[in-house]
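As structure tokens, the structure follows; a few thoughts come after it.
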Amino acid sequence: MPKAKGKSRRHKYSYNLNRKRLYRSARRRAAPRIACSHIRHAWDPSKSVAQNLAEMGLSGDPNKALPIPKKRPVSGMEAESNGQQPGKKIVLKPYVVNEMEYEASLPEKKSNTLSRDLIDYVRYMIENHGENYKEMARDEKNYYQDTPKQIKRKINVYKNFYPEEYKNFIASLKPEKMDVQ
């Protein structure tokens, strides 16, 4: 069976096209993406990345920021003649580093929680079966057919996430048990 007429023409590689140049120009046009709002507000687009970071007291290269000291002794005359230590830069925008340090020192908010379904499941099991995990495994509400050990693990996770709520829940169950007996 013969080939389609235009098939071979469509996939020919164009040797005359300089792909490196196209890629470089596209990268050059793209502005740097800055995640931190403090840096974004202090950024000057007319300056280079290294100049912007140096003004803020930051560094783009950690090896240059904290160089590994060499073992040879430094003569005292070189350091005294300048008045300043070599490599020290003047920070024009120190507020950026101060704001970032303050933000980093704030305590983290605990954002992980358990699903409402899991909380209801655990409370139902404890309410109806107490500490009997084998009975919990045979319960009709055990839709996922958890083993006694899996149920025990889920209850322990609930205890760790909500210790106060768990204590109040257990305390509320005790008077009901006394009234029934």
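Numbering of residues begins at 1 and proceeds along the displayed sequence. Keep in mind it's a predicted model, so treat the numbers as computed, not measured.
By the salt bridge (Lys or Arg N to Asp or Glu O under 4.0 Å) test, E135 pairs with no residue at all, sequence neighbours left out. Residues passing the salt bridge (Lys or Arg N to Asp or Glu O under 4.0 Å) test with R40, sequence neighbours excluded: none. Legend: residues meeting side-chain contact (heavy atoms from CB on, under 4.5 Å) with Y124, ordered by chain and number and at least two apart, are N128, D139, K141. Residues meeting the side-chain contact (heavy atoms from CB on, under 4.5 Å) test with T113, sequence neighbours left out: Y162. Scanning for side chain to side chain donor-acceptor pair (under 3.5 Å) contacts around K159 gives an empty result, with sequence neighbours left out. For the side-chain contact (heavy atoms from CB on, under 4.5 Å) test, residues two or more places apart in sequence or in another chain that qualify with E131 are Y133, Y166. By the side-chain contact (heavy atoms from CB on, under 4.5 Å) test, A42 pairs with M56, K93, Y95, V96, sequence neighbours left out. Annotation: side chain to side chain donor-acceptor pair (under 3.5 Å) contacts of R138 (sequence neighbours excluded): none. Qualifying salt bridge (Lys or Arg N to Asp or Glu O under 4.0 Å) partners for D120, counting only residues two or more places apart in sequence or in other chains: R116. By the ring-ring contact (aromatic ring centres under 6.0 Å, His included) test, Y15 pairs with Y13, sequence neighbours left out.
Taken to the nearest 0.5 Å, the CD1 atom of I155 stands 4.0 Å off from the CE atom of M136. The distance from atom CG of N98 to atom NE2 of H38, rounded to the nearest 0.5 Å, is 10.5 Å. Note: S105 OG to M100 CE = 12.5 Å, rounded to the nearest 0.5 Å. For the atom pair NZ of K174 and CZ of F169, the computed distance is 12.5 Å after rounding to the nearest 0.5 Å. Taking CG of N156 as the start and CD1 of I151 as the end, the distance is 12.0 Å to the nearest 0.5 Å. Of the inter-residue distances, the one linking I39 atom CD1 with N52 atom CG reads 10.0 Å to the nearest 0.5 angstrom.
The minimum heavy-atom distance between W43 and L53, with the atom names listed, is CZ3-CD2, 4.3 Å. Q150 and Q145 get closest at one heavy-atom pair: OE1-O, 4.2 Å.
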Give the intermediate values and the outcome of side chain to side chain donor-acceptor pair (under 3.5 Å) for residues S46 and D44. CA-CA 6 Å; S46 64; D44 185 5; 3.0 Å; yes

Kindly indicate, with the supporting measurements, whether the criterion side chain to side chain contact (heavy atoms under 4.5 Å, CB included) is fulfilled by N142 and Y121. CA-CA 8 Å; N142 185 6; Y121 172 76; 3.3 Å; yes

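Side-chain atoms of V157 and V122, non-hydrogen and from C-beta on, never get closer than 4.5 Å to each other. Put simply, the side chain of K134 does not reach to within 4.5 Å of the side chain of H129, judged on heavy atoms.
Inspection of the S115 and D117 side chains reveals no N or O donor paired with an N or O acceptor under 3.5 Å. With hydrogens and angles left out, the side-chain atoms of E165 and Y158 include a donor and acceptor closer than 3.5 Å.
Pairs passing the salt bridge (charged side-chain N to carboxylate O under 4.0 Å, His left out) check and including a residue from residues 145-154, sequence neighbours excluded, read D146-K154.
Within a 6.0 Å radius of CG in N16, no more than 12 heavy atoms belonging to other residues, nucleotides or ligands are found.
Cluster partners of Y102 are L106, counting Ile, Leu, Val, Met, Phe, Trp and Tyr whose side-chain heavy atoms approach within less than 4.5 Å, directly or via other members.
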